[in-house]
Each structure stands twice: as structure tokens, then as C-alpha cells.
Amino acid sequence: MKLITHNMLTSKCLKGVVTGYPLAINATDIKVKEVDFNPEFISRVIPKLDWEVLWVAADSIGHSDGLPRSLENKYDENEEFLKKAHKVLLEVEVEEGHLTCPESGRQFPISKGIPNMLLNEAEVQ
Amino acid sequence: METPHQNHIDKADFDHVYEPAEDSFLLIDAIEKDLENLRSRNPALCLEVGSGSGVVVTAFGMAFPSTFCISTDINFRACIMSKKTAEYNKVIFDSVRMDLASSFVDNIFDIIIFNPPYVVTDSEECGGDDITASWAGGVKGREVTDRLLEMIPKKLAKDGTFYLLLIEENIPDEVINIMSNHGFRYKTVVRRKVRNEQQIVLKFYRLIY
């Protein structure tokens, strides 16, 4: 699971959960896999994300080094920044662990890099 | 558009995951037909719901290397296979085991693609998490599709496009009507008769955003 994906996941569909975001990450196995750097893509996708959530997520798994906690002006022109954002968004992969709903504590296992967000019938809103 | 390579897949795996068939390729053809329009929109995020082997979302990713592709499937083995297919074809990708698009935040996907379980079956056959989930569509072959239609207004970006494959038995006019009530226009992208199935790919986009 890449951190870009984590940024989009919510447990809001759980019964009794109001926001369900962001999910906490507990990682027991993390890999860093090289991905081609595409600065234009990174600039385009950042507005779609919650940057604070990304930073906290990266920090929680020890990968926030050098990543600014808030977006600076003209970040899209700062190649050094874009490279760091690229690494955190696309290259860091949580292979094993779990995600936790911030309100209910319900855990979602991550196995072979795939988070399991399936709920049983009784859990759904 | 290039067809993804699939030599990494063991034939036996297709006992558990939907093997690409004419419907999969029709969906790819539909995207190819709409390529110019899609390129002009420069999508950042693309989601395929129920990706199965991953052939469709991988084909998309190969044509759009500047788009992050993500897929969901209720079948864990399909998630694994989709991830492998994307990796094998050098597409930047992630897969999540999920019911349709239920656990995503709102309004982020520029493109959502769905080749649903469209076969008309008894309701009871619907709702499994193994290979039956790839074809069992319940009443009118629409039980799963209808659930996703309710999610589309929330999960699709305001200016996003939704591609959906149906067969005549699914009563496309009803689907068009449901989406119209949600404020979506449609276009028929491509049609094909495959043996006894009249397959059709529709695309939906908002009237005003």
C-alpha cells in the first residue's frame, strides 16, 4: 500500500463512524521500491490530497525526513520538494501491517501490500 | 493502446479470478475510442472497480503513464493478480480489497471504470467474494451495478468520467435514467454483439460542475 492510496482511504462507511479519516498505520514490513519520477504528475496530484494527513502518515512509519509539514508557495516549481513528495507518495510501500479506524478502533489488515477494507454486513451503515 | 502482457499469470489462477474475455477487451476498446478526449482531460487518478486480472486498468495505465491507477476487488486473489499485472507492465499502481468504492474519500477520481458482474442470476448467487462475484449480477444482472451507481456521484471528481459496461438484459435505459436523476449525462461509446450478448459501454459525466 502506497501512502498516496492511504490518503484516499476512509472507514466512514462503518456504522456509528462520523469521519473515519485518517486511518492510523501500523506497519510491520515496509519496502521502498523505485518508481520513475514524474514531477508533472506529482504537482497535479498534490491538490487532490490531504497534505497534513500524508505527512503524519509518513512520519508515523519513519519516512517524513526532509518532507515539509505544510505546503510552501510555488511547491510545484521546487524540484527537490517534488522528488521528496514523489518518494513518500509512490515509493514507500507498506507490505504488512494494519490500518485503524480513528473512531471505532476497527482494524483493517494489510497483507502482501493490499489493505483489506471489507466489512461484514453487521458493520455497514 | 497496447494490450497488457499476461505471461506472468498461471493458467490455474483463472480458476479463482475472472480471465480476460471479450467484455474486458470491449472496455479497453471503449477507452481507446475516447483516448483524445481523455488525454485532453489529463486525469491524475483512475479507479477500476472489480479489476479481476487487472487487464483493463493496466491497459489504461500503459496509455496514461502520468495517471495513478488504483483498483478494488472483493476477491483477494484478484487484488493480487491485478497488482502483478500492473507491475509486470510497469504501471504505477495499487490495489485494495474493498466492496466497490465504499471506503474511499469523496470526489477524487477523475476516471472510474467498471465491468460489473452483469449476468442475470438469482439474488442468492450475488455477493460472494470469490470468482462468482465476477459474473453473478442477481436480478436483471444489476444488483451490484445499482449499488455502485449510488456511490458514483460521491466518489467521482466533479468533472470526472465514469465508464460502465452493460448487456442488453441489464436494461441500459434504466441505468441511464438512474444516472440522469443524479445529474449525469451519458454517451454510448461502443457496442458489440458477442455470441448471445449485446454488450455496450456507456460513459457518464456531470451536466454541470
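Heavy-atom basis, side chains included; hydrogens, waters and symmetry copies ignored. Here is the naming used below: chain letters follow the sequence lines, and residue numbers restart at 1 for every chain.
- Ranked by non-hydrogen atom pairs under 4.5 Å with chain B, the options A:L118, A:L90, A:I110 are led by A:L118.
- With values rounded to the nearest 0.5 angstrom, B:L148 atom CG is found 5.5 Å from B:L100 atom CG.
- Put simply, the side chain of B:T58 never gets that close to the backbone of B:V55: no donor and acceptor are under 3.5 Å apart.
- Of the atoms belonging to B:F93, it is backbone heavy atoms, and not side-chain ones, that fall under 4.5 Å from chain A.
- Here the CD atom belonging to B:E22 is positioned 8.5 Å from the CD atom belonging to B:E197, to the nearest 0.5 angstrom.
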Polar pairs (donor with acceptor) under 3.5 Å from chain B to chain A:
from: B:N42; atom 1: O; to: A:R44; atom 2: NH1; distance (Å): 2.6
from: B:N42; atom 1: OD1; to: A:R44; atom 2: NH1; distance (Å): 3.4
from: B:N42; atom 1: ND2; to: A:E40; atom 2: OE2; distance (Å): 3.4
from: B:P43; atom 1: O; to: A:R44; atom 2: NH1; distance (Å): 3.2
from: B:S66; atom 1: O; to: A:R44; atom 2: NH2; distance (Å): 2.7
from: B:S66; atom 1: OG; to: A:N38; atom 2: ND2; distance (Å): 3.0
from: B:D94; atom 1: OD2; to: A:K2; atom 2: N; distance (Å): 2.6
from: B:D94; atom 1: OD2; to: A:T5; atom 2: OG1; distance (Å): 2.6
from: B:R97; atom 1: N; to: A:P115; atom 2: O; distance (Å): 2.9
from: B:R97; atom 1: O; to: A:M117; atom 2: N; distance (Å): 2.7
from: B:S103; atom 1: O; to: A:T10; atom 2: N; distance (Å): 2.8
from: B:V105; atom 1: N; to: A:M8; atom 2: O; distance (Å): 2.8
from: B:I108; atom 1: O; to: A:K48; atom 2: NZ; distance (Å): 2.8
from: B:D110; atom 1: OD1; to: A:K48; atom 2: NZ; distance (Å): 2.9
from: B:D110; atom 1: OD2; to: A:K48; atom 2: NZ; distance (Å): 3.4

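- Interface remark: B:I70 contributes side-chain atoms only to the contact with chain A (heavy atom separation under 4.5 Å).
- For A:L119, no part sits under 4.5 Å from any heavy atom of chain B, backbone or side chain.
- Checked against the 6.0 Å centroid threshold, B:F184 and B:F162 do not count as a close aromatic pair.
- More than 12 non-hydrogen atoms from other residues, nucleotides or ligands lie less than 6.0 angstrom from NE2 of B:H8.
- Listed for the B:N170 side chain is a donor-acceptor partner under 3.5 Å among the backbone atoms of B:I167.
- Side-chain N/O atoms of B:N115 and B:Y18 include no donor and acceptor closer than 3.5 Å.
- In this structure, the separation between CD1 on B:I176 and CD1 on B:I171 is 12.0 Å, given to the nearest 0.5 Å.
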